[in-house]
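Proteins get letters first, then strands, A, B, ... in listed order; numbering begins at 1 in each. As the structure is a computational prediction, the values presented were derived from the model and not from experiment.
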Amino acid sequence: MTKPLAFRPHERLRSPRDFRRVYDRRRSVSDVHLIVYGCENQLPYCRLGLSVSRKVGSAVARNRFRRLYREAYRQSRSQLPVGIDLVLIPRSSQPPELAALLDGLPRLVKQLARKLNLKASP
RNA sequence: CGGGCCGGCCGGACGGCCGCUGCCUGGGGAAGCGUGCAGCGCUUCGGCGUCCGCACGGUGAACCGGGGAGAGGAAAGUCCGGGCUCCACAGGACGCGGUGGUGGGUAACGCCCACCGUCCGAUUCGACGGCUGGACCUUACCCGUCCCGGCCGCCGGAGAAGGAUAGGGAAAGUGCAACAGAAAGCAAACCGCUUCGUCCUCAUCGUUUAGCCGUGAACCCAAGGCGAGCGCGCGCAGCGCCGCUUGCGGCUUCGCACGCCGCGCUCGCCCUGGGCUCGCGGCUAAACGUGGGGGUGAAGUAAGGGUGAAAAGGCGGGGGGGCCUCGGCCCCUUAAUGUAAGAGCCCACCAGCAGCCUGGUGACAGGCUGGCUCGGCAAACCCCACCGGGAGCAAGGCCAAAUAUGGGAGCAGGACUGGUCCGGUCCGCUACGACUCCCGGGUAGGUCGCUCGACUGGCCGAGCAAUCGGCCGGCUAGAUAAAUGGCCGUCACGGCCGCGCGCGAACGCCGUCGUCCUCACGGGCGAGGGUGGCCGCGCGAGGCCGCUACAAAACCCGGCUUACAGGCCGGCCCGCAGG
RNA sequence: GGGCGAUUGGUGAAACGGCUAUCACGCUUUGUUUACACCGAAGAGUUGGGGGUUCGAUUCCCUCAUCGCCCA
């Protein structure tokens, strides 16, 4: 019944408490484009948080980062494991290509799931 | 056509698929709520409480649909100004901060509009100086005059469109100006110059006086030398003579002899030294006169004083003739000359100042008159006028959660809240009846504030304009780890690349024809043709790139400032040419 | 979002509107030493960028940039 490519507000990480919990779990993986922190959440879905600091550029550039990350998560969600809170942090100040994110994000999240000793996605 | 300058506007369009955030709406119906029934518990048998179950009711989450909206001209920087919210607040004074031509606009402003002043501005006009050309004058040249010029330098005036302008007061006061310079702000001192005086010094000449030196002459004195005379000497030797011890002694004389030597005195001559007088020359000193230099004093000062950003405004001019005692007088002329001497003196024009008049709401402008020449800096202190209470939506209210019913103050003499008196404030009356404030500690969730507004489109009207008024329409983001995105198509737009076609002006090359020069080679001119690459314009079909610059609301507005791919539109001035 | 502050050699600092912008450490070159250290000499600044006021600006004013701090 649920639309497969929708991105609902409850799938977003919103409070500083949640971010604190993910950082305190101290599990992260990365590639050239981004750093991904992760933490189990005991929910049947993942949640996404974005942390784009002033260092990567102006407001326009930061919006560009966030939108690309959301779009990548939205399109690749079917390939991801469930039950993880994710925080994405950019590594360089150059905005990446969407294709590179679509390729890199599932790989990184699966790698993260192994670190967290979770089963792979069904 | 060429050159210069200014203003306004836009900020890709359409479509498809998948998404995001509010709003409206159709389903959906979880959880919770209310009522009833049933059950259970308690019961003073009236009822009370309640997990769960059932029914009904309205509210209504997830989810599935539909509709509609969804970043900017700067949303930015946070440089000003307001609205709004909370806190504080009798009034005044002092202080602090801001603004600063005038008039208007506005809710307000450091913003906007119009005007004023100042500066810049293509260009243009004038004066002066220099160089140069021409004409006149002259035999000729110079000078001079005139003219038409030309070039250069310097100074001043006017000044298009337009640009800049924090632009009140320097005559209220305080202060600043390095270095340089005579002096940096009461205009005088200083250097310099002129006149008069005084002192010192130097020079030279003249005069006088004094002294010294040299020299010449006369006189005097002293010493010396030579000569002559006289005198003296137990001075001396030869010959001679005498004696004897035969080689020694004696005799200076009445033997040669008027011998030689020494001394003294006198006279003469010469030389030297000194003194005095006179003459000449030189030197020194003093006085007077002359000239030069220096110091100093008084008076005058009107040339000049390099510097500096700046030195009491700028610029130009001040003619001619006669007489003589040569510096004055007289005359003519001029707009215009005085001093012992040289001009900031005089005259003309411009600038500035003051007064008056006229115009303007005003800043100011114009005119007349007058006498005068007065520096810069207030984005230095300051004075004057005007404005300004403080903080900011992370303001502030409510709910939830959490912490330490901790400390202090007020309050039953009535806090706080509400009602009444048109609205507001105080007072009064009244209802309710226990909180309120500060410090300290805790929390970081939700919700309201939150988007209809000094909003905006069109038309009409007022106004030079900014702007204002009226009428008819429109609704145009409300996110909060923070929404407008992703993929793609089509078309515009721009850039680059090469291709084809056409046109245009000039250029090069190659033929042809006509004509001219030449004996010819060859060359000139003209007409027309072909061709070449390049340039420009237009058209056509492509490819590639950029599907775009600067940049994203965070309570809301008005400005300013800054950033910006590309494009569109309009206006003003000057010059030239044509009609 | 809102409110404040700062910017001077490589680093940390100083300066009355007026001389070639000063001091310490560091760096480079060089002298000294067999070599190193110490010591001596020399060098390197568009006072963050731009504009304005003034005769003159590190200083005064405006604007832009960069960096830092604070708030319920």
Side-chain angles (χ1 to χ4, degrees):
Chain A
M1 211 32 124
T2 307
K3 289 193 280 188
L5 291 178
F7 183 55
R8 305 289 180 188
H10 63 79
E11 298 179 66
R12 295 219 294 267
L13 222 53
R14 311 182 73 153
S15 74
R17 193 174 298 167
D18 292 334
F19 276 83
R20 192 75 264 149
R21 194 169 54 84
V22 173
Y23 290 138
D24 289 343
R25 187 70 171 80
R26 302 180 60 81
R27 292 290 183 272
S28 72
V29 294
S30 67
D31 66 1
V32 289
H33 293 301
L34 62 142
I35 305 169
V36 180
Y37 277 81
C39 177
E40 307 88 336
N41 63 0
Q42 272 78 38
L43 292 170
Y45 50 84
C46 285
R47 292 191 299 182
L48 181 68
L50 305 174
S51 178
V52 183
S53 78
R54 291 264 309 276
K55 285 188 213 166
V56 299
S58 61
V60 175
R62 279 177 272 138
N63 276 341
R64 178 82 187 149
F65 271 94
R66 283 193 282 261
R67 285 163 179 165
L68 282 172
Y69 290 161
R70 271 200 300 273
E71 188 67 20
Y73 173 79
R74 189 172 70 84
Q75 295 189 17
S76 64
R77 192 176 41 181
S78 60
Q79 312 168 35
L80 298 183
V82 300
I84 308 179
D85 284 346
L86 302 169
V87 172
L88 270 56
I89 302 172
R91 263 201 129 163
S92 78
S93 57
Q94 292 298 315
E97 292 290 316
L98 182 65
L101 290 178
L102 286 176
D103 175 57
L105 186 61
R107 207 177 58 240
L108 286 170
V109 175
K110 286 170 188 165
Q111 189 180 342
L112 185 67
R114 280 196 303 278
K115 266 191 159 177
L116 293 167
N117 298 316
L118 277 176
K119 290 196 312 175
S121 155

Interatomic distance at [atom1], [N] relative to [M], whole Å:
{"N": "G375(B)", "M": "G308(B)", "atom1": "C1'", "answer": "14 Å"}
{"N": "G566(B)", "M": "C556(B)", "atom1": "P", "answer": "33 Å"}
{"N": "A107(B)", "M": "G355(B)", "atom1": "C1'", "answer": "47 Å"}
{"N": "U58(C)", "M": "C87(B)", "atom1": "C1'", "answer": "43 Å"}
{"N": "A172(B)", "M": "G192(B)", "atom1": "P", "answer": "42 Å"}
{"N": "U358(B)", "M": "G317(B)", "atom1": "C1'", "answer": "36 Å"}
{"N": "A391(B)", "M": "C422(B)", "atom1": "P", "answer": "39 Å"}
{"N": "G255(B)", "M": "C261(B)", "atom1": "P", "answer": "23 Å"}

Does [N] fall in syn (glycosidic angle within 90° of 0) or anti?
{"N": "G5(C)", "answer": "anti"}
{"N": "G529(B)", "answer": "anti"}
{"N": "A479(B)", "answer": "anti"}
{"N": "G73(B)", "answer": "syn"}
{"N": "A412(B)", "answer": "syn"}

Considering Watson-Crick and G-U wobble pairs with both distances under 3.5 Å, what does [N] pair with?
{"N": "G259(B)", "result": "C236(B)"}
{"N": "A404(B)", "result": "none"}
{"N": "G156(B)", "result": "C125(B)"}
{"N": "G162(B)", "result": "C120(B)"}
{"N": "G388(B)", "result": "C96(B)"}
{"N": "G281(B)", "result": "C213(B)"}
{"N": "G370(B)", "result": "C353(B)"}
{"N": "G428(B)", "result": "U420(B)"}

Interatomic distance, [X] atom [atom1] to [Y] atom [atom2] [nearest 0.5 angstrom]:
{"X": "L43(A)", "Y": "D85(A)", "atom1": "CG", "atom2": "CG", "value": "7.0 Å"}
{"X": "S51(A)", "Y": "I89(A)", "atom1": "OG", "atom2": "CD1", "value": "5.0 Å"}
{"X": "H33(A)", "Y": "Y69(A)", "atom1": "NE2", "atom2": "OH", "value": "9.0 Å"}
{"X": "L80(A)", "Y": "L48(A)", "atom1": "CG", "atom2": "CG", "value": "9.5 Å"}

[X] side chain vs [Y] backbone, donor-acceptor pair below 3.5 Å:
{"X": "N41(A)", "Y": "Y45(A)", "result": "yes"}
{"X": "R91(A)", "Y": "D31(A)", "result": "yes"}
{"X": "K110(A)", "Y": "P81(A)", "result": "no"}
{"X": "E11(A)", "Y": "R8(A)", "result": "yes"}

From the list [options], which nucleotide is the closest neighbour of the side chain of [X]?
{"X": "R17(A)", "options": "A444(B), U480(B), A553(B)", "result": "A444(B)"}
{"X": "R67(A)", "options": "G485(B), C20(B), A553(B)", "result": "G485(B)"}
{"X": "R12(A)", "options": "A552(B), C63(B), U21(B)", "result": "U21(B)"}
{"X": "R66(A)", "options": "A483(B), G486(B), C20(B)", "result": "A483(B)"}
{"X": "H10(A)", "options": "U480(B), C63(B), A444(B)", "result": "C63(B)"}

Hey, is the side chain of [X] poking within less than 4.0 Å of OP1 or OP2 on [N], counting only N and O atoms?
{"X": "N63(A)", "N": "A553(B)", "value": "no"}
{"X": "R14(A)", "N": "G445(B)", "value": "no"}
{"X": "R70(A)", "N": "A483(B)", "value": "yes"}

Test side-chain contact (heavy atoms from CB on, under 4.5 Å) applied to R12(A) and L50(A), step by step = CA-CA 9 Å; R12(A) 295 219 294 267; L50(A) 305 174; over 6 Å; no
Euclidean distance, atom [atom1] of residue [X] to atom [atom2] of [N] [Å, nearest integer]:
{"X": "Q75(A)", "N": "G485(B)", "atom1": "CD", "atom2": "C1'", "value": "11 Å"}
{"X": "R47(A)", "N": "A481(B)", "atom1": "CZ", "atom2": "C1'", "value": "13 Å"}
{"X": "E11(A)", "N": "C63(B)", "atom1": "CD", "atom2": "C1'", "value": "14 Å"}
{"X": "Y69(A)", "N": "A481(B)", "atom1": "OH", "atom2": "C1'", "value": "14 Å"}
{"X": "D18(A)", "N": "A444(B)", "atom1": "CG", "atom2": "C1'", "value": "14 Å"}
{"X": "L88(A)", "N": "A482(B)", "atom1": "CG", "atom2": "P", "value": "12 Å"}
{"X": "R64(A)", "N": "A482(B)", "atom1": "CZ", "atom2": "P", "value": "16 Å"}
{"X": "R62(A)", "N": "A483(B)", "atom1": "CZ", "atom2": "P", "value": "11 Å"}

On a plain distance test, is the side chain of R74(A) in donor-acceptor contact with the base of C20(B) below 3.5 Å?
-> no
Can a salt bridge be assigned to the pair D18(A) and R14(A) using a cut-off of 4.0 Å between side-chain N and carboxylate O?
-> no
Got a salt bridge between R74(A) and E71(A), using NZ or NE/NH1/NH2 to carboxylate O under 4.0 Å?
->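 Salt bridge present between R74(A) and E71(A).
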Contact class for L50(A) (heavy atom, under 4.0 Å): base, sugar-phosphate, or nothing?
->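 The answer is base, as L50(A) lies within the cut-off (heavy atoms under 4.0 Å) of a base atom.
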For L68(A), answer base if it contacts any base atom (sugar-phosphate contacts may also be present), sugar-phosphate if it contacts only those atoms, and nothing otherwise; contact means non-hydrogen atoms under 4.0 Å.
-> nothing
Select from L48(A) and F7(A) the residue whose nearest nucleotide in RNA chain B is closer to the 5' end of that strand.
->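 Looking at RNA chain B, the more 5' nearest nucleotide goes with F7(A).
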Specify the closest pair of heavy atoms between G38(A) and I84(A), including all atoms of both residues, with the distance to one decimal.
->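 Shortest heavy-atom contact: CA-CG2, 4.3 Å.
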Mind pulling the stems RNA chain C is in, i.e. runs of at least three Watson-Crick or G-U pairs, everything under 3.5 Å?
->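 As far as RNA chain C goes, consecutive pairing (with distances under 3.5 Å) yields the stems C:1-7 with C:65-71, C:10-13 with C:22-25, C:27-31 with C:39-43, C:48-52 with C:60-64.
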Min side-chain heavy-atom separation V87(A)-V36(A) under 4.5 Å = no
With a 4.0 Å heavy-atom cut-off, tell me which residues in residues 26-35 of chain A come close to RNA chain B, sorted by residue number.
->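 Heavy-atom contacts with RNA chain B come from no residue of residues 26-35 of chain A; none.
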Heavy atoms from other residues, nucleotides or ligands near OH of Y37(A) exceed 12 (cutoff 6.0 Å) | no
Under 5.5 Å and under 30°: F19(A) stacked on A481(B) |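 Given the distance and angle limits, yes, they stack.
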